[in-house]
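Here the structure is laid out as structure tokens; the discussion comes afterwards.
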Amino acid sequence: MALTFGFFSDPALTTPIVARLQFVQDAIAPQPLDKVVYFGSRLSGRVCKAAGVPGVDPVVLSVVDAASGTGSPAGDVRLALSSGGLASAVGGQALNLPAVIAGGQAGAVAVHVRVLDSTGASGIHVDLTLQTGALEEYAA
Amino acid sequence: MPAFDSTAFDAAFDVAAFGGGGGGDPVPVLVASGVATLGLQVSVVSSLVFTSAAGAVRWSPLVVIGGVDVSARLAGAISVSAAEDSARVASFSVVPASPAELWGFDGKTLTIDVALFKSTSTAVYRLFTGIIERYEFDPVTRVAQLACRDGWQERPLACTSAADVEALLGGLATPSAAVAPWSATEPDAPAYFSTLLDTLPGATAIDANGLWRVIPWSIGAPLATFTADDVFDDSVRVLTAARADVPSAVKAALAVRYHRLHAAEVDLNWTAVANTYYVVDGLPTLPKSTVMEALQGVSGWLIKGKPVIVEPLPGSFPVLVGGDTVYYIVSPEFARTTCHSFTATLYRRWYQEVELSYTITIDMGGASSRDESIRASVASTFDASTWETAPSAESASGLYQANAPTVTTPPTGYEGLPAPFPPTNGALDHLGDIALPDLQAAAQHVVARAVRKAASGKRNRRVVFERPLDPRWEIGAVLAVNACGVAATGQVSELEHTLDIDSGAVASTFTLAVPDSAGASTTFTATVSAPAASVTHALTDPTLSTHVGASYNTPAVPTEDDLLGFLCNVVPTSGNYDASKPVYEPQFRLILPEIGAPSRDPLTVEAPISASVAIAGGSLTLTF
């Protein structure tokens, strides 16, 4: 059975994000571009934990670069749990989410994503993905 | 046969671990495992494709429906439009590959991207993310025209709690549980969303990526300025706000209905006449019971505490009558039932219904006298009627002279009155279940609605212009245009992109809200003060005495208002008897002061809301 936890485009978790999230950057004078996505599940009776030591280990969200050396480097992406946290976040560094994430809108975790291109290379770069560590989903 | 040996079972056996027994928390069940991913697309673009320098721009659309690229089968024009507080919609035509694909379009997710090329510069932008709402298929041309929507309406519809809706509005709305409550029994998320949206100093929209956004109405420095070289000729238009949108003022009022609780007291005292009158005129004495009946019988008034009734001293008292000494005899039994003097306090409480209107007026500067008023109300549920009424009275005189048994019945009369107790001879504004934070939130809610209404009206002053396709800007972006004698800076409130595949023409139309106001952002602060009664009741204590009728001393026309106290008559056998004079109905007469109408009648008062309001303004100048 597939995870019901995933990324949504609104805090009420009504709409899962099914397409790649686009960040447009100017090739010559790029500016940091922030977007907010929400991690959670529509099912309020579900709980998500990291697979390592469930309930103890945090759910980790990483920036995965599928084609290192080409496209965008992972360091172009900063993750934080608040907009203010983006300033001090380190590019490419994984983000720790809570160890236990409840389903339902109340449990949604806002993930702030900032992209600042360092390549200056015009084109579409689709080598970056935000990916959680191994997760286990429980029904209460 | 050996007896059952319970120790044979290992004590470590935990039945709960197997789900047995009836206690303990349910054990979570692992239902799925895996990883969650979110793909990113970094589109590094050259802004040179948007410059107006000489040269041609090529473009190509990329439309993906349910993961299938249908770009090669597009026909006609693609249109994408968006506006504040409404869904982004898209329409385009495609040639379906098969009936199965056509049937499958319904409800499919799709993205629309556009790639722009100019010389060696490229730019790829997403224009739309949403679902296919419906399609119209022409079997002759085999072209299906698809109408798509981003799901703006579905977002509030999917909310299940007030917190969800408030989160959807980014915490910028102003909820009030008192005037705009969320119903847990009959939740109506769209209605609650609509109510809160009316307090938002900004707008909501879903961007090209399908992300929900809450956009504050704030107009700072423009992100870009477009000159005549950048916009299509004759495309610049200036639209003024309608008179109805900009009245002379927007007024808002929060009516708070509560009770003003009053209390008043009067002190009473009375002393019997000299013993001589009882002997000479045959006056009756005043029984204690008559006093208590009188004190208890005044409508609306209660005895506060216990009256102090002084009995006459038992004994024989010489009285000189016509030169002879006679004795006025008071037996102990008679003394115990007779009042020689008393002091008492009578208490009255009552409530007054008050409607306090907290008001604010936002000057709009318009000429229309149209009444743009916003009104909300909150009412206390305090049961003033029960508060006012005393529990049924027990006999205040008591049954016992001494050694009264302990009474376990609830207190009655004054002692049984419920709280709150207003100050003596004063009043208390009692809001009941309306707490001060609730009152503040309600006032802020009302002011927020007024600000939203005022700002919305002013934002209807607009400047529209059209230029070659420019998907860089979203709803809320601050742009400036300086072309055709129009210089304006405003916030994008509507946009439309059109891409004509047949002709190759592409264009973007932007509508800028250019409010005529001075603020940089749309904000407000609002506070109200809790009502506080400033009332003093100065009631005159009635003067009680003994009034004797049928006496030669009795006035022929007594002043009835002054006949307060013990009313009695001279006996006919007395030498002071005068049959022609008024004869009183024996009684102890008590008339207490009236409560004036201003303290009783429903009251309507007004108080200002302390507020500061700012509405973001754009700039607009015209040059002929």
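Chain identifiers are assigned alphabetically (A, B, ...) following the order of the sequence lines, protein sequences preceding nucleic acid strands; residue numbering begins at 1 within each chain.
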As an exercise, state the distance from [atom1] of [X] to [atom2] of [Y], rounded to the nearest 0.5 Å.
X        : Y        : atom1 : atom2 : value
B:Ser33  : A:Leu3   : OG    : CG    : 7.0 Å
A:Gln22  : B:Leu40  : CD    : CG    : 11.0 Å
B:Thr37  : A:Leu130 : OG1   : CG    : 9.0 Å
B:Ser43  : A:Leu33  : OG    : CG    : 11.0 Å
B:Leu223 : A:Gln31  : CG    : CD    : 10.0 Å

Inset, instruction - Could you have a look at B:Gly34, B:Pro28, B:Ser47 and say which one has the most heavy-atom pairs with chain A under 4.5 angstrom? - result: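 Max contact count across the listed options: B:Gly34.
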Using non-hydrogen atoms and a 4.5 Å limit, figure out which bit of [X] sits close to chain B: side chain, backbone, both or neither.
X        : result
A:Ala51  : neither
A:Ser122 : both
A:Val24  : both
A:Asp117 : side chain
A:Phe39  : side chain
A:Phe7   : side chain

With a 4.5 angstrom heavy-atom cut-off, which part of [X] approaches chain A: side chain, backbone, both or neither?
X        : result
B:Ala163 : neither
B:Thr120 : neither
B:Thr111 : side chain

Inset, instruction - With a 4.5 Å heavy-atom cut-off (strictly below), which parts of residues 8-18 of chain A touch chain B? List them by number. - result: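 A:Ser9, A:Asp10, A:Pro11, A:Ala12, A:Thr14, A:Thr15, A:Ile17, A:Val18, listed by number.
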Between side-chain atoms of residues 86-101 of chain A and protein atoms elsewhere (two or more places apart, or another chain), which donor-acceptor pairs fall under 3.5 Å?
| residue | atom | partner | partner atom | Å |
| --- | --- | --- | --- | --- |
| A:Ser88 | OG | A:Gly85 | O | 3.4 |

Among the listed options [options], the residue most often paired with chain B at heavy-atom distances under 4.5 Å:
options                               : answer
A:Ala19, A:Gly123, A:Ala29, A:Ala110  : A:Gly123
A:Val113, A:Val115, A:Thr132, A:Val36 : A:Thr132
A:Ala134, A:Ser72, A:Ala121           : A:Ala121
A:Lys49, A:Glu136, A:Arg46            : A:Glu136

Inset, instruction - Work out which heavy atom in B:Gln41 is nearest to a heavy atom in A:Ile124; give both atom names and the distance. - result: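 Shortest heavy-atom separation between B:Gln41 and A:Ile124 comes out as CG-CG2, 3.5 Å.
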Legend entry - Expected output: side-chain B:Asn209 to main-chain A:Leu21 donor-acceptor under 3.5 Å: no
Legend entry - Donor-acceptor contact present, side-chain A:Gln105 to main-chain B:Ala158, <3.5 Å: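 The answer is yes, because a donor-acceptor pair under 3.5 Å joins these two groups.
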Legend entry - Close approach to chain A in residues 124-132 of chain B, criterion heavy atom under 4.5 Å: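 Hits under 4.5 Å: B:Val124, B:Tyr125, B:Arg126.
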Inset, instruction - Determine, step by step, whether A:Asp76 and B:Val42 satisfy the side-chain contact (heavy atoms from CB on, under 4.5 Å) criterion, reporting the C-alpha distance in whole Å, the side-chain angles of both residues, the deciding distance to 0.1 Å, and the verdict. - result: CA-CA 10 Å; A:Asp76 286 3; B:Val42 181; 5.9 Å; no
Using atom types as modelled, flag every donor-acceptor pair under 3.5 Å from a side chain in residues 61-71 of chain A to any protein atom, sequence neighbours excluded.
| residue | atom | partner | partner atom | Å |
| --- | --- | --- | --- | --- |
| A:Asp65 | OD1 | A:Ala67 | N | 3.0 |
| A:Thr70 | OG1 | A:Ala67 | O | 3.1 |

